[in-house]
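For reference, the structure discussed in these notes is given below.
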Amino acid sequence: MTDTLYTGISQLVTPRPGPQRGAAMRELKVIENAALLVRDGQIGWVGPAAEAPRADHEHDLGGVAVVPGLVDPHTHAVWAGDRLADFEARVEGVSYETILARGGGIRSTMRATAAASVAELVALARPRLQALWDSGATTVEVKSGYGLDFGAEIRMLGAVHELAAEFTLVPTLLIHVPPTEGREAYVQAICEELIPEVAREGLATAVDVFCEKEAFSVAETRVILEAARTHGFATKLHADQFHALGGVELACELGALSVDHLEASGPAQVAALAASPTVATVLPGVTLHLGLPAAPARALIDAGACVAVGTDLNPGSSPVFSSGLALALTVRLCGLTPAEALSACTVNAAAALGLGDRGALVPGQRADFLALHSADWRDLAYTLGANPVRGVWMGGAPVTPSVQGAV
C-alpha cells in the first residue's frame, strides 16, 4: 500500500458525496491551505496541511486550488461525418426542415456513422474524449444513437468499449430517431432484438430514448424503457427539448436515472422533478449553439430538484468539447451560482449515471481531482476561452494534459 500526500493546495473545495438537491447544491466545503492523501486510488484523508499525516511520497502542487474531477453525464462523442454545411445554412436563416430535405441534419450524421468501421469510429472519437479529459472530465458518458440500423448501433457501442481501455467511460444505448416507415415494427425489434443483444454482449449500462414530436412518442418510449428494465438496464430520457409531451413525467414515474434537455419544461415538469429522485440534466451548449431557451435550472434548484450539467457533445446541436466550459455556461445561461454549478458537474452528474463513488473529495471516494492554474477555485466557472485546469488525476494517477485540441 503506497500513500501520496498532495500539499501546496490553496483551497480544496468539494460538495458532499451523493446527489445534492436544491439549496444543498450551494453548500461546498472549502479547506484553505489544504492537503490531500491518496491511497490505492482513493481519497484517504483531506484536511488542513498543518494536520496532514505522514505519507510514503509527497507532491507539492504549488499553491493552487483543487476540486473534484468533473463528470460529463451526456455526450454523443462517437460519430462520423460533420455538420458544417448545416451550421452555415442555419446561421443564414435556412430552416431545419429545409436542411433535412436537402439531405442534411441528423440523418446525414447517421449515414456517415453507419458507413464507418469500429476502427474509424474509435479514431474519430479519441481526440474528442481527450479534449473532454483535458478540460477536467474524469468520467464521461457516451451514447450510441446515430445508427438507425442495429448493426451500426452495435458498432458504435463497440467503439465505446474499445475507448474504455483509455478513458473512464459509461456506455448508453440511445434510441434516437425512428425510421420514416414501419415505426411499430421498429419499436418491436428494438425491444425483442437490439436491447437483448446489447444486454448479452454487455455493451451498455443504460438505455436512453429521445421522446419528442420528431422522435418517439411517450407511449413508444414507455414500451422501450420497460423492455430495457426487463433486461437489467438503467433508464434515461431525452425530453422536453422542443415540446413538453409528458416525457419528464414518464421519467419520474419509471424512476429513470435522469431526464435530459428540459428546454421546454414548465412549472408542472419542475414540480415533478422536485418530487422525484430522477436527476434533471441540463445542456447549456444547446442553448448557446441553437439559440433555444435555457432549461429552467434555476427554478429546478429553487424547487428542490437535483440538477446535473452535461456538454451534450455532438456535431449538430452542441459542439462543446469542454466540460469546464459547460460548467461556466450554466452559470451564465441557466442562472446557477458557481457552487451550484460545481455540484451539478460532479456529484449530481455522477448520480445521473448511477455512480456514487466519485464527485466528492472525501475519504473512500475515487481520487479523481483537478489542480487549477488559479489559487481560487471560482476561476473554473469564471474563465472563458482558456483552460483553467492545469492537471488531472484519475484514480490517484496523474494524467498528462494533451497538447492537441479537439478535431
Side-chain angles (χ1 to χ4, degrees), residues 6-15 25-26 28-34 36 46 59-73 75 127-140 167-168 282-285 288 297 308-313 318-350 358-361 367-394 397-406:
Y6 290 90
T7 59
I9 300 173
S10 60
Q11 297 175 325
L12 187 145
V13 181
T14 181
M25 290 177 63
R26 293 193 291 274
L28 302 181
K29 183 175 184 178
V30 180
I31 305 173
E32 306 285 348
N33 300 315
L36 178 153
V46 294
H59 184 78
D60 187 340
L61 293 176
V64 299
V66 166
V67 299
L70 307 183
V71 175
D72 193 336
T75 84
R128 301 165 189 156
L129 293 169
Q130 183 70 58
L132 290 174
W133 193 356
D134 294 348
S135 76
T138 51
T139 299
V140 176
F167 305 93
T168 302
V282 301
L283 308 167
L288 178 70
V309 172
T311 60
D312 193 18
L313 171 60
S318 185
V320 174
F321 294 80
S322 168
S323 293
L325 177 59
L327 184 155
L329 290 177
T330 306
V331 173
R332 289 160 175 82
L333 301 179
C334 302
L336 273 64
T337 68
E340 290 167 339
L342 185 65
S343 294
C345 290
T346 54
V347 288
N348 287 4
R358 65 202 69 189
L361 299 180
D368 295 348
F369 61 94
L370 312 177
L372 306 185
H373 287 289
S374 173
D376 190 318
W377 77 272
R378 292 171 296 182
D379 265 316
L380 186 62
Y382 174 78
T383 299
L384 297 175
N387 187 0
V389 176
R390 193 189 77 184
V392 179
W393 279 257
M394 297 176 61
V399 175
T400 302
S402 172
V403 296
Q404 58 185 349

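Since the structure is predicted, the reported quantities are computational estimates derived from the model, not experimental observations.
The side-chain hydrogen bond (donor to acceptor under 3.5 Å, both in side chains) search around Asp368 returns Arg366, not counting sequence neighbours. Take Asp72 and apply the salt bridge (charged side-chain N to carboxylate O under 4.0 Å, His left out) test, not counting sequence neighbours, and it matches no residue. Every residue meeting the ring-ring contact (aromatic ring centres under 6.0 Å, His included) condition with His59, not counting sequence neighbours, appears here in chain and number order: Tyr6. Looking at residues two or more places apart in sequence or on another chain, you find a side chain to side chain contact (heavy atoms under 4.5 Å, CB included) between Ala65 and Ser10, Gln11, Leu372, Trp377. Trp133 is linked by a ring-ring contact (aromatic ring centres under 6.0 Å, His included) to Phe167, counting only residues two or more places apart in sequence or in another chain.
Closest of all the heavy-atom pairs between Gly136 and Val392 is CA-CG2, 4.4 Å. Summarising the geometry of Cys334 relative to Ala297, their closest heavy-atom pair is CB-CB, 3.8 Å, with the distance given to 0.1 Å. Considering every non-hydrogen atom in both Ala326 and Thr330, the closest pair reads O-OG1, 2.7 Å. Looking at every heavy atom in both residues, Ala137 comes nearest to Val140 through CB-CG2, 3.8 Å. Of all heavy-atom pairs spanning Cys345 and Leu327, the tightest one is SG-CB, 3.6 Å. When every heavy atom of Ser322 is checked against every heavy atom of Thr311, the shortest pair comes out as O-CG2, 3.6 Å.
Listed by first then second residue, pairs satisfying salt bridge (charged side-chain N to carboxylate O under 4.0 Å, His left out) with a partner in residues 324-347 read Arg26-Glu340, Arg298-Glu340, not counting sequence neighbours.
If you check the side chains of Asp379 and Ser374, you find a donor sitting under 3.5 Å from an acceptor. Side-chain contact, Arg358 with Thr139: a donor N or O sits under 3.5 Å from an acceptor N or O.
For the atom pair CD1 of Ile31 and CD1 of Ile9, the computed distance is 9.0 Å after rounding to the nearest 0.5 Å. Atom CG of Leu70 is separated from atom OG of Ser323 by 6.0 Å, given to the nearest 0.5 angstrom. In this structure, the separation between CG on Leu132 and CG on Leu325 is 11.0 Å, given to the nearest 0.5 Å. Rounding to the nearest 0.5 Å places CG of Leu329 at 11.5 Å from CG of Leu283.
With a 4.5 Å cut-off on side-chain heavy atoms, Leu61 and Arg390 count as touching. Looking only at side-chain heavy atoms (C-beta outward), Val309 and Pro284 come within less than 4.5 Å of each other. Residues Phe369 and Pro68 have side chains not in contact (no heavy-atom distance under 4.5 Å, counting atoms from C-beta outward). Put simply, the side chain of Leu313 does not reach to within 4.5 Å of the side chain of Val320, judged on heavy atoms.
A side-chain contact (heavy atoms from CB on, under 4.5 Å) with Leu361 holds for exactly one of Val66, Val67, Thr346; it is Val66.
Here the side chain of Thr14 pairs no donor or acceptor atom with the backbone of Lys29 at under 3.5 angstrom.
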